[in-house]
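As structure tokens, the structure follows; a few thoughts come after it.
Both counts, for ligands and for their atoms, begin at 1 and track the order of listing.
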Amino acid sequence: MSKGRVVIFDTTLRDGEQSPGATMSHAEKLEIAGLLDEMGVDIIEAGFPIASEGDFAAVSEIAKQTKNATICGLSRANFKDIDRCWEAVRHAKSPRIHTFIGTSPLHRAIPNLNKDEMAERIHETVTHARNLCDNVQWSPMDATRTEWDYLCRVVEIAIKAGATTINIPDTVGYTEPRESADLIKRLIEAVPGADEVVFSTHCHNDLGMATANSLAAVAGGARQIECTINGLGERAGNTALEEVVMAMKVRGDIMPYETGIDSTKLMHISRRVSTVSGFPVQFNKAIVGKNAFAHESGIHQDGMLKNAETFEIMRPEDVGLSETNLVMGKHSGRAALRSKLSELGFDLGDNQLKDVFVRFKALADRKKEIFDDDLIALMVDSEAESQNEHIRLKSMTVVCGTEGPQTSDMTLEIDGKDVSTKATGDGPVDAAFNAVKELYPHNARLQLYQVHAVTEGTDAQATVSVRMEEEGRIATGQSADTDTVVASVKAYVHALNRLIERRKMGSVGYDEKSVSYKDVS
Ligand code: KIV
Ligand code: ZN
């Protein structure tokens, strides 16, 4: 059976980054775009250029640096947005303008346009975009709650005005698989000119059906799936790229479609997106979760030893999990570390390797066996510390036990100057956080504090994620250490450093976008 090609459109850097708190720095966006390109994503939606100076700069830079993928930017249905978008994407070898407007009754009410006025707006804006760029995508936002007749009418207008891809968003995750397939199929049959464009599906996961709805849309005739790494996105997120790609690969017998994705790169990019966005991947997440390939029950383990296919429909290597979890220890040398890190997807320059090797030795002194997950945590930690430009943890001790209050002695380096204090709290972490707050007074609110053991055993490292909010700005921090309280303080300090950076950036940065895609005009 010959396979049809499904185009993978990744919107991690636009719809994913829009998730509150998932803000990425400029350098992080460039890194993720590079990884998406290397992995074989066809189209990268790199941002929403009019939203902020930061978004514009990231989209332009990604457009300039990307070797293979088409680079797309988002714009609302007005000339100013579209012009700004074009300014950013035009540097790409293959640029695309994506323009959208909410077409459902609820969304039409926001700009207060009647059906005819909106139809006119769509005609004008798609024509304008097409005059700038040969590759134009148009989306009727909230398509799955738009009246059928009106949806057909506006899709036809967009095609006549020159749109080359028609994306059908299930903006609020409302549809279900049969309806999703049917909607695309009926649109292709009903709308004149539909056979000349590519139909695309863009699903949100509010009812947990984003992957199923996307695959169903393909069965209905869509040939582009919009998705994000780890399903990152607002609320319950978007369709997860790794899920649709692996579903079509594993069930090619009933879904005879191909993508250009090198699936062995999935695990690494999943970890990187999790690290830079500060959104941990749930352990039982399909494909990229820590437990996705773990078999704990005796029956399963027995079956797996006899024949891996007994309980495994894909091999860990297929998604980039190395088969051997080679244990390293304090006698492992620099070359072994370099090669192991490279296997895990981290190619380090000599200086960075030198720094990571020192950390590795320090960890090996405290922990007998170092597993892959320890090294990944170490990389996350080293990256977090390199971003700690204002505040650094110099030293700390905590006294805890059954007799409270717990106390923490702490020395921080703040903008080059050492400052120390002793604070108390309700538990060691609280005492330590209070000490940081005494040394660096701030009004940021701790929204989330999460601790995970990286490996098994009482000497395991803990990875800690924190999310903080200050006047609408959100920043996350992560760190790892064999001492949970130390990891907690380092993560807290990491988040504070990111908040300070964001304050300095003023209006630049995703949380401070001057417009949002929900502002319709
Ligand atoms: O969910 C949605 O409708 C969107 C559009 C902007 C395509 O993200
Ligand atoms: Zn969306």
H98 and F9 aromatic ring geometry - parallel, tilted or perpendicular at 30°/60° bounds: perpendicular
In terms of atom number and element, which parts of ligand 1 are under 4.0 angstrom from non-hydrogen atoms of M141? 3 (O)
Cation-pi check, R108 onto Y150 ring (under 6.0 Å, within 45° of axis): yes
Using a 4.0 Å cutoff against the non-hydrogen atoms of H202, which atoms of ligand 1 qualify? 1 (O), 2 (C), 4 (C), 8 (O)
H204 heavy atoms within 4.0 Å reach ligand 1 at atoms 1 (O)
Against W138, only a single residue in V197, I159, I97, I122 fulfils side-chain contact (heavy atoms from CB on, under 4.5 Å); can you say which? I122
Out of curiosity, is E226 lining ligand 1, as in a heavy atom under 4.0 Å away? no
Counting only heavy atoms, which portion of R14 has something under 4.0 Å from ligand 1: side chain, backbone, both, or neither? side chain
Which atom of D15 approaches the Zn ion (ligand 2) most closely (N/O/S): OD2
Do any N or O atoms from the side chain of S274 and from the backbone of F279 form a donor-acceptor pair under 3.5 angstrom? yes
One residue to check: D15. Relative to ligand 1, which of side chain, backbone, both or neither has a non-hydrogen atom less than 4.0 Å away? side chain
So do the side chains of L36 and E31 get within less than 4.5 Å of each other, counting heavy atoms only? no
Any nitrogen or oxygen of S139 lying under 3.5 Å from a nitrogen or oxygen in ligand 1? Just yes or no. no
Is the H268-F346 ring centre distance short of 6.0 angstrom? yes
